[in-house]
**Q** 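Following this message is one structure expressed as structure tokens.
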Amino acid sequence: MTNFVTYNDVPDLNALIQEGLNAKHNPFADQALGHNKTIGLIFFNSSLRTRMSTQKAAQNLGMNVITMNVGQDSWGLEMEEGVVMNGDKAEHVKEAAAVVGKYCDIVAVRAFAGLKDREKDYSEVVMSQFQKYAGVPVVNLESATRHPLQSLADCITIEEFRVKQRPKVVLTWLPHFKPLPQAVANSFSEWMNHMDVDFVITHPEGYELAPEFVGNARVIHNQNEAFEGADFIYGKNWSSYQQYGQVLTQDPSWMVTMDKMRLTDNGKFMHCLPVRRNMKVTDEVLDSPQSIVIEQAANREWSAQAVLKGVLQGL
Ligand SMILES: CCC[C@H](NC(C)=O)C(=O)O
Ligand SMILES: NC(=O)OP(=O)(O)O
């Protein structure tokens, strides 16, 4: 594996899931692989799970880790080509990415969607610029349109908890008062379309995801109907793709409650976290045995370790 930016960088999903499960059962088996190798973790946005799990995974593989918060630790970075840099950005990504690539063997980047310009966000300007100028492999820590390390952890979790050969997996929109990216929902949908699952997406009208991510999923606007007989409920808020970056509704009836979970077939509740309790999902659900959000978050370490092992093997 060279880069890990989109699903297309994954040669074999089942093999990668198995690598993650192997790492979980024997986390230090490959400690020599990363010896004297360094990964740079570059954050344009906040993080708990991605930051800690990726650092832990790198350390499990014997790697050194350097973490940088752009704008707080480092200079603000200009992404546009050919501009006169007389604004608040002191450094161009051309130099910054190239210099980071001189210090690090792998560069991992988190840069959320701006949610103002759909064409710019969906062209993945930041991720593309780092891939163009870093000179070393790039790993996606959540970009404008995808969160592949999260999606691999989600696949590992579903593999661990599935009790049927082809479980029903439901991605449900959840209410939120401010616009959030489509990246997690896009990525989950992209990866579920490659899993042996009955995949359903449910959301209010106007929250349709980009067609390239929806794929063969069934889209149902009636949440209760979608929940019927489900084995996994994956909750996530996202802002409108069609009316880009807009919050079209905050309808609290879309919050996941235990009554809704009773419509499922003893379904497990999943969420990438962070989650706002009693706005997106009730305490009752999150504190019940049906919630596997902590196990899901724990699998972020094994997702990152499987990916970093693959990238290290390609160096
Ligand atoms: C892992 C999720 C990160 C981010 N969540 C928030 C709250 O900004 C999002 O919705 O993309
Ligand atoms: N799920 C996830 O990526 O969490 P953080 O934003 O805390 O890293």
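Order of listing sets the numbers, starting from 1, for every ligand and every atom in it. Please read all numbers here as calculations on a predicted model, not as lab measurements.
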**Q** Is R218 salt-bridged to E225, cutoff N-O under 4.0 Å?
**A**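 No.
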
**Q** Hey, are Y244 and D121 close enough side-chain-wise for a donor-acceptor pair under 3.5 Å?
**A**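 Side chains of D121 and Y244: pair found under 3.5 Å.
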
**Q** Looking at R110, Q150, E142, which one forms a side chain to side chain donor-acceptor pair (under 3.5 Å) with T50?
**A** R110

**Q** Mind jotting down which protein residues get a heavy-atom contact under 4.0 Å with ligand 1? Chain and number order, please.
**A**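 Residues F112, E142, L180, P181, K236, C272, L273 each place a heavy atom under 4.0 Å from ligand 1, listed by chain and number.
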
**Q** Check for a donor-acceptor pair, side chain of R300 on one end and backbone N or O of A153 on the other, with a separation under 3.5 Å.
**A** no

**Q** Is a side-chain donor or acceptor of D231 paired with a backbone partner of K268 at a separation under 3.5 angstrom?
**A**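 No; zero donor-acceptor contacts below 3.5 Å.
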
**Q** Quick one, list the residues around ligand 2 where some non-hydrogen atom comes in under 4.0 Å, by chain and residue number.
**A**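 Protein residues near ligand 2 are S47, L48, R49, T50, R110, H147, Q150, C272, L273, R300.
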
**Q** Do you see a donor-acceptor pair shorter than 3.5 Å between the side chains of S239 and Q182?
**A** yes

**Q** Checking side chain to side chain contact (heavy atoms under 4.5 Å, CB included) for the pair N266/V163: CA distance, chi angles, key distance, verdict?
**A** CA-CA 11 Å; N266 188 33; V163 292; over 6 Å; no

**Q** For a side chain to side chain contact (heavy atoms under 4.5 Å, CB included) check, start with the C-alpha distance between N14 and D12, then their side-chain angles and the critical distance, and finish with the verdict.
**A** CA-CA 6 Å; N14 289 323; D12 181 334; 3.8 Å; yes

**Q** With side chains defined as the heavy atoms from C-beta onward, is the minimum distance between K236 and H176 less than 4.5 Å?
**A**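 Sidechains of H176 and K236: no contact.
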
